[in-house]
Structures are given as structure tokens and as C-alpha cells.
Enquirer: 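Handing you this structure, nothing more for now.
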There are 2 protein chains.
Amino acid sequence: MNTTSERRGWTQNPDAVKQDILAVAVSEFASNGLSGTRVDTIASRTRTSKRMIYYYFGDKLGLYTRALEAAYLKVREGEATLDLDHLPPREALAKLVAFTFDHHRENPDFIRMVMIENIHNAEHLAASEVIRDLNVAAIEKLAVICRRGQAQGVFRAGIDPLSLHWQISAFSFFNVSNRPTFSAIFGAALFEDAAQTTLRQQIVEAILGIVSKPATEG
Amino acid sequence: MNTTSERRGWTQNPDAVKQDILAVAVSEFASNGLSGTRVDTIASRTRTSKRMIYYYFGDKLGLYTRALEAAYLKVREGEATLDLDHLPPREALAKLVAFTFDHHRENPDFIRMVMIENIHNAEHLAASEVIRDLNVAAIEKLAVICRRGQAQGVFRAGIDPLSLHWQISAFSFFNVSNRPTFSAIFGAALFEDAAQTTLRQQIVEAILGIVSKPATEG
DNA sequence: ATTCAAATGATCCGGTTAGTACATTTCACT
DNA sequence: AGTGAAATGTACTAACCGGATCATTTGAAT
């Protein structure tokens, strides 16, 4: 049982083969979409062969679905490292928003997989219970912050955690998903590090504004 | 010269043929993506033939690029109907945001074309000067509102119209683009008319909050 | 050392699809 | 009514690509 790296003669290693295929598949599907991706191309970037793809994943759609799940799993895994319970509500929320913004930026392949899935009306995602569970858990984390903020009187009443999640996602997702068209039209300045930091701060404040008690006018 | 509807024997009508092809192309590309779209399918939904597609548009990519332009043109055309100059700045901005939100909802094919173009890193859009001009004009409209608001002292200083446009777009675009995955995971409630009205109001307020002079805290 | 299922290699195939070749018709202008 | 270019119809093809077929090897248990 040698490491997964070297392969002389050949040694069986089913799990490594599956993971190898999945990693390449995520990358290819994210880059080229479902019908734009060639199974042969995936195979060629793999340490194994096309034969193995069909052996383990049945067909192209099967592979795509598993790749989609893999992308979600990896990203939600990253989110789990975030501990917010010890922070006061406003700071917890601010940290969550800033983290989400950064995390999306760092995982463009995930974003692209979701874009592609949206193009396909989420029909493959709908078939995967795994993914639904992951995301519902993410909402619960947000709901906890909302309740704490309301209990302490720093958040207004009647906040809908789902709407809030929608708003946070809208900013963070769009920032990555529409970067190509946006910068093709308006230039890339908004996506350089300095501008992104400003933008992140702005949306943190915008979100905090949404949950804050009304006070302004004019 | 009869109308474009009936076609007995056959009568030449180059412009109508081109428009017919383009309309179908937008619909097909928006639904299935670039590589997911079949030229034969487009042809079959047309009153003309595949031969004509290649005759007028050269190849699949040429047709795609023209379809992308057509989608942009149609949407920007709709936006031009909006007259904001007679409104006070806050109301003008509020109206612009609400309109953008609705307008995006009403043009899902356009949204999907942009999504697809983003998947392709905007490489076809980048080749089209037409589109860039259209959008830069849209920003200018926003800049005018900002300047008026600042002159009247109701907006804070240092607003970047481009960032503002980014924020408005993020909400309005995401609302359509990610509806499939979002509702697959969290249910469709947020996308029914009542909830959408609430959401729209929320984001109008969020945007107004961004441009307003600081006053709140806690 | 045999056995047998799991894992892998090597090669092939049939349908699909973008694009083309060739022929024909329309129509504006003489 | 003739001419020629633009417009359209019909049929074909070459390449590509998802998937299948058949054979071989590995490795764990007997």
C-alpha cells in the first residue's frame, strides 16, 4: 500500500481513482459546463482512463451530479471552520458576511458549478438530498445570530433569516459570477484587491443596516 | 409585400428571416447554453432553414454573438422608457431600483444569456463594442441621480456610481439567476409575488441606506 | 496455487451535429 | 423577357463524442 502519488506497473487504489476523477470533473464541468465538457478531456487529465469514469459513475450525468455534490461539500466544509457563537450579534453577523464574501471569491469553481446548475434549472441538485441538508444547516446558523440580536435588542423585530441569507448571497455570489461580463463592460478596477476590500466593507454595512432598528430618515 | 405571418409559395424577406432566426436563437441559447444548443433545433423552430442560419450568420458562434447583442439591445431598450429626471433624487433612485428589479424578473432570457456569457468568461461580449456603449450609458444615468442628490444634500459624499450599479445589479440579477438552486434548496416561497414585493422594498431601502448620510448607530 | 470478483486496459461503434455542396428560385434592373 | 446577384431549398459529409465490448490483471480469501 504505497502513497497515492507514484504509480509504477500498476497498483489498485479505487478510492484514489474516484477522487482523482472527481477533482478533475469539478474543474472541467466548472470551466465548460455540462454539455461543454468532454468526457475524454476529463479522462485525459486523470491518472486513469475513460473506462474508469463509466465504471464508477455510470454515465456523464452521474459524474456531473457527483461532482456537483463534491463542490458543495468542499465549500460547506470550509464554512464550518467559522465559529461565531462567542461574538456579539452585530460582530458575528459582520464577520459572517465578510467571510462569505471572501469565501466565495476563493472558490470560483464552486460558484461556476452553481451557475451551471442554475442554467439547468437545478434539476440535478434537486435530486440530491445531501446538498439540501447542508444548506438548511447554513440558514440555521444565521437564524441563531438573528435571535441573539433580537434578544439583546440590537436587531429589529421581524427579520427573516432566509431573506437575509438571500441578500448576503446575492452580493457575494454576484461578485464572482458576473465578474467577467461586468469587467468586460466597466473595466476590472472593481475587482482588484483594494476595491474589493471597500466593497466588502460596504456590503457588511448594508447588511447591518437591514437588520438594525430603524432610526434614520433623510 | 404581404405581412410577415403568412407565407405561400415563397416570398423573399431577408430582414424578417434574420429577425426570425435571431429571436429563436436567443430563446434556444438562453435555455440551453452555447454548446448545449443545437443549430438544427433552432432551424426547426424557425420559419426558415438551417441553410439560412449559415447564410446570414456564418457559423454557430456568429449566431450566438448576434443573439447576445440582440438580447442586450432589447433589454436596454426597455430601460430607456424610464424617465427619472423630474423626480427628486431619493425617489428617482428608489424608482430606478424597483424598476431594475422588476425588469430583470421580466426578462429571464436576457439574464440567462448573461449567465452563459459569464460561464464563457465574457469572451464574446468583449468582442462587441455595441454592448459596452449601451451599458456605459446606463451608468451615466445613475451618476446623474447621484450628483443631483449630493447637490441637494440628501446623499452622502463620495458615492461611486459604479459600485452602486454593482449593488443594484447584484440584487436584481441574483434574484433571477439563482432562483432555481435557491428554491430547490429552500423552497419557492421567496419567489412568489407577495414575497418578491417585500424583497424589492427591502432592497430599495438597502440601496437608499447606502447613499444616505450616516446618522444611525445601534 | 486456485479461484473469483473487483479493477483496469485497449479498442471500437453508432448516433449526433456543425458545417457544406449543389441546385433552384426570386426579384430588381434593364 | 433577359440577366445576374441575392436568397432559398435539398441532400450530404466528416468529425466528434458518449458509451459499449471484450479481454486482462490485481488481490484477497480459500
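Just so we're on the same page: letters track the sequence lines, and every chain starts at 1. This is a predicted model, so every value here is computed, not measured.
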Enquirer: With the side chain of Tyr55(B) defined as its heavy atoms from C-beta on, choose the nearest nucleotide among dT20(C), dT8(D), dG18(D).
Expert: dT8(D)
Enquirer: Any idea how Phe171(A) and Trp166(B) line up, ring-wise: parallel (<30°), tilted (30 to 60°), or perpendicular (>60°)?
Expert: parallel
Enquirer: Classify the side-chain pair Glu117(A)/Tyr64(A) by whether it contains a donor and acceptor separated by less than 3.5 Å.
Expert: yes
Enquirer: In terms of the angle between their ring planes, are His103(A) and Phe99(A) parallel, tilted or perpendicular, with boundaries placed at 30° and 60°?
Expert: parallel
Enquirer: Return the nearest nucleotide to the side chain of Asp40(A); candidates are dT8(D), dG18(D), dG19(C).
Expert: dG18(D)
Enquirer: Side chain of Met52(B): nearest nucleotide among dA18(C), dG18(D), dG9(D)?
Expert: dG9(D)
Enquirer: Can a side chain N or O of Ser49(A) be found less than 4.0 Å away from OP1 or OP2 on dT8(C)?
Expert: no
Enquirer: Answer yes if the side chains of Glu69(A) and Ser128(A) hold a donor-acceptor pair under 3.5 Å, and no otherwise.
Expert: yes
Enquirer: Mind checking Thr37(A) for me? I need base, sugar-phosphate or nothing, with any heavy atom below 4.0 Å counting as a touch.
Expert: sugar-phosphate
Enquirer: Looking only at N and O atoms, is any donor in the side chain of Lys60(A) or the base of dG19(D) less than 3.5 Å from an acceptor on the other one?
Expert: no
Enquirer: On the nucleotide dT8(D), are OP1 or OP2 found under 4.0 Å from the side-chain N or O atoms that Arg51(B) carries?
Expert: no
Enquirer: With a non-hydrogen cut-off below 4.0 angstrom, is Tyr56(B) in contact with a base, only sugar-phosphate, or nothing?
Expert: sugar-phosphate
